[in-house]
Peer 1: 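Following this message is one structure expressed as structure tokens.
Here the structure is a predicted model, which means the values were calculated and not measured. Within every chain, numbering begins at 1; the chains are lettered A, B, ... in the order of the sequence lines, protein sequences first and strands thereafter.
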Amino acid sequence: MTHRLAVAVEAPQYSGLGGLLDYLGGPLPPGSLVRAPLGRREVPGVVWDAPPADPAQAPLPDEALRPVAQVLSSLPPLSAAWRQLVAFTSAYYQRGLGEVALSVLPPELRKLDDEKLARRIAKLRKSAEKGATPDAGTAAESAETAKPAVPDAGLEPTLTEDQRAAVEAVTAGADSTFLLHGVTGSGKTEVYLQAAAHTLAQGRQALVLVPEINLTPQLEARFAERFRGRRLVSLHSGLTPAQRLKNWLLAHLGLADLVLGTRLAVFASLPRLGLIVVDEEHDPSYKQQEGARYSARDLAVYRGRLERAPVLLGSATPSLESWQRAQQGRYKRLDLAQRIGGGVLPEVRLVDMSLLPRTHGVTTALSPQLVDALRERLALGEQSLLFLNRRGYAPVLHCTECGWKSGCPHCSAWRVFHRSDRTLRCHHCGFTERVPRACPQCGNLDLQPLGRGTERLEEQIAEALPGARVARIDADTTRAAGALQERLAAVHAGEVDVLVGTQMIAKGHDFRRITLVAAVNPDSALFASDFRAPERLFALLMQAAGRAGRDASQAARSQMWLQTWHPTHPLYAALRRHDFERFAASQLAERESAGLPPYTHLALLRAEARTVEAATAFLEDAAARAGEFTEAAEVLIYPAVPPPVARVADVERMQMLLEAASRGALQRLLWQWMPVLYELRAAHKGLIRWAVDVDPLAI
DNA sequence: AGCACGCCGACT
DNA sequence: GTCGGCGTGCTC
């Protein structure tokens, strides 16, 4: 007997394929993984709950349906909660159901047939019975050596009063969302550990999200150490396909107790989910920028409610969205007021760069005061960290004669001068050329770098501090596998006196011997057009400051230096007092008066085309058609504008902002609008692609 | 998005 | 004479 199956197949949202397609087969429970014929090919899909009959649309007769080609019956079906999370993501971010479902499952899953999968699963189940498995793939396993299952408690340090209160609140609150606000070093991780211990003790699984792959190893090590005998797996895109499948299966089969991962891990299948932790919840990395542009933090909150699991959002500088929700009482705020061990936050010093004497019109990157301070730390045998969010030697090369600048021929951006290999590189499209011997425009031999990046800063430090051991950490020096860990190890081992780097070094790393952190040129973000720029700058500088004085014995002497031309700027004033609350209050007031999130809800329609005209024409047509809908009255559609870098790799980009006071109105408009946009695409030949970004980070 | 079919230019 | 350019159309 054949049954009708509603299947979410992997196909983009065009022409109605984004929803559910009917097949014959089964009977199969919803959540089963299948392969289904689609045209002349075969695509993976997930059996979905049968939708209610649509009276407006007659269903296809059975004769018109094709049977599913394969069933991966050895895989336990994906749960109703997982399907609900995927369905919500699909609807909210306007992407096909099957597209979302398959994009968050391990890619390896589509390659295996049922027999091979059954063998893998049997193997995992068997090794789980025996205890630890010796083969590679997770840090838990390396930390698991020889340890039998021991109780998770017993290794707990004594908690501060704040920590204890936080742990109590989380373990008592069944399905609330908590905002754990605590400066660097205030012991947020210990709260995560204790909350997770409580979850595990109840026989449930804990999911821990971190913003970057770089940060997984150290948090993984702490969890692995605390939870010996428990199985901890990581999920992120840095794993090999086989590791990712294995770890995903361990979570899905309920064999892993702890899952630690980046944003994609929010979709991990967890049959016994009991806690979600989102570390550094403000971090922009939680927003996916391709495909379904979801926010893993927002989805974590949704999932927590859905599965009645507490959600713990942690940050020293929470996103204004989360902060406002905490103020409204929708999230419960938990504060960790002090650094552990009574350590104080570094003293913040502002250097007024406008007071420096100008030497032949060129300002130096380093003020004499900062150089003196670095020299002092060097003499004391202490480490310093210099932070400059710009890699390369100089952001642009220019001709002193005719004014030529090293623009990228394919992008509306400058090519960056990299001195180490004497190249000009476009950081947007990757276009790289050797530095020309002479100006390509006038033949002048004197080409000069303008501004500075980490390479040049490293050079200047070496000149200013002869004998100092200088190391640089940025995307260029850490490209090779293991290079980052190697360099970090050198810093930890005390083999480095001054560390120079981009924001890579501002995040998370636990440097014990750094007593001075300096932001060399933070002003650039101060007047950026992006409305979130101040929030990001404040978070980054707070985070960078947190790298100093992590060892309590040195904390009192630790300093954060800021070189600025705007020493009276309120952002720096708040930073000086480490006063996030005041900063957040002033930012929220600005957002409210400007009609920006979290007081309004935004979406962007982006278009990419060969010409600006084609991209603009599509957006203008789209805006005109949106006027047909009643919701349009509640949604403000702004004129199309170019993004900050309008052309990338010879593709012109334009975007159009939608703003609504209500999330519902915005969603309703998008729902009506999407079919129109698909239709419109055909009429605009020059258009390469378009996408909707709900809750965009930058506009 | 794939992957077909389908009708016009330079090649073994 | 074919190989192949990508325009248009379909996929339960």
Peer 1: Rounding to an integer number of Å, can you tell me how far A/E10 CD sits from B/dA1 P?
Peer 2: 13 Å
Peer 1: Mind calculating the distance between CG (A/L5) and P (C/dC12) to the nearest angstrom?
Peer 2: 14 Å
Peer 1: Whether A/R681 contacts B/dA1 is assessed here as follows: a side-chain N or O lying under 4.0 Å from the phosphate OP1 or OP2. Is that the case?
Peer 2: yes
Peer 1: Between atom CG in A/D22 and atom P in C/dC12, what is the gap in whole Å?
Peer 2: 11 Å
Peer 1: Provide, to the nearest angstrom, the distance between the CG atom belonging to A/L97 and the P atom belonging to C/dC12.
Peer 2: 17 Å
Peer 1: Just to confirm, is there a sub-4.0 Å distance from OP1 or OP2 of B/dA4 to any side-chain nitrogen or oxygen of A/R40?
Peer 2: no
Peer 1: In whole Å, I'd like the distance from the OH atom of A/Y678 to the C1' atom of C/dC10.
Peer 2: 17 Å
Peer 1: Rounded to the nearest 0.5 Å, what separates atom OG in A/S32 from atom CG in A/L75?
Peer 2: 8.5 Å
Peer 1: Specify the separation, in whole Å, of atom CD of A/E99 and atom C1' of B/dG2.
Peer 2: 14 Å
Peer 1: Going by salt bridge (charged side-chain N to carboxylate O under 4.0 Å, His left out), A/E608 matches just one of A/R681, A/R689, A/R647. Which one?
Peer 2: A/R689
Peer 1: Could you state the atom-to-atom distance from CD1 of A/I688 to P of C/dC6 in whole Å?
Peer 2: 14 Å
Peer 1: Send over the distance from A/L21 CG to B/dA1 C1', rounded to a whole Å.
Peer 2: 14 Å
Peer 1: Within the 4.0 Å heavy-atom criterion, would you say A/L60 contacts the bases, only the backbone, or no part of the nucleic acid?
Peer 2: base
Peer 1: Which value, rounded to the nearest 0.5 Å, describes the distance between A/L239 atom CG and A/L245 atom CG?
Peer 2: 11.0 Å
Peer 1: Start with the C-alpha gap between A/D476 and A/R425, add the side-chain angles, then the distance that decides, and say whether salt bridge (charged side-chain N to carboxylate O under 4.0 Å, His left out) holds.
Peer 2: CA-CA 12 Å; A/D476 296 316; A/R425 282 191 235 162; 3.3 Å; yes
Peer 1: Answer with base, sugar-phosphate or nothing: what part of the nucleic acid does A/R41 contact at a heavy-atom distance below 4.0 Å?
Peer 2: base
